[in-house]
Amino acid sequence: HTRAITAARTTTAHWWKFLVGGAGVLGAVIVVTTTIGEVDESMWWPMMITILGALVTVAAGLILGIAHLTARRPRNAPS
């Protein structure tokens, strides 16, 4: 198997994965809580930790996205 050599991608190029992942988890929590109703007392802390993790992941995606958009890209030298 051969692979084409591509340009190196920065860490901020994956910002959308964080954004979509966090939003997906948050959406899943909303669907589950809407479907089952009130959350049992024993599941309250795990649900809050999950929501907090999803919000932090969305925030990380937004920050990385802004960093990716504002990053200086090297100009190609004229050939």
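- If you take CD1 on Ile51 and OG1 on Thr33, they are separated by 7.0 Å, rounding to the nearest 0.5 Å.
- From Leu26, atom CG reaches atom CG of Leu52 across 11.0 Å, with rounding to the nearest 0.5 Å.
- Closest of all the heavy-atom pairs between Ala54 and Gly22 is CB-O, 3.6 Å.
- The same ILVMFWY cluster, assembled from side-chain heavy atoms under 4.5 Å apart, contains both Val39 and Trp45.
- For the atom pair CE of Met43 and CE of Met48, the computed distance is 10.5 Å after rounding to the nearest 0.5 Å.
- When all heavy atoms of Thr34 and Ile30 are compared, the closest pair comes out as OG1-O, 2.7 Å.
- Within the 4.5 Å cutoff, the side chain of Phe18 has heavy atoms near those of the Leu64 side chain.
- At a threshold of 4.5 Å between non-hydrogen side-chain atoms, the residues Thr57 and Val25 do not count as touching.
- Other residues, nucleotides and ligands place more than 12 heavy atoms under 6.0 Å from the CE atom of Met47.
- Between the CH2 atom in Trp16 and the CG atom in Leu62 there is a gap of 15.0 Å [rounded to 0.5 Å].
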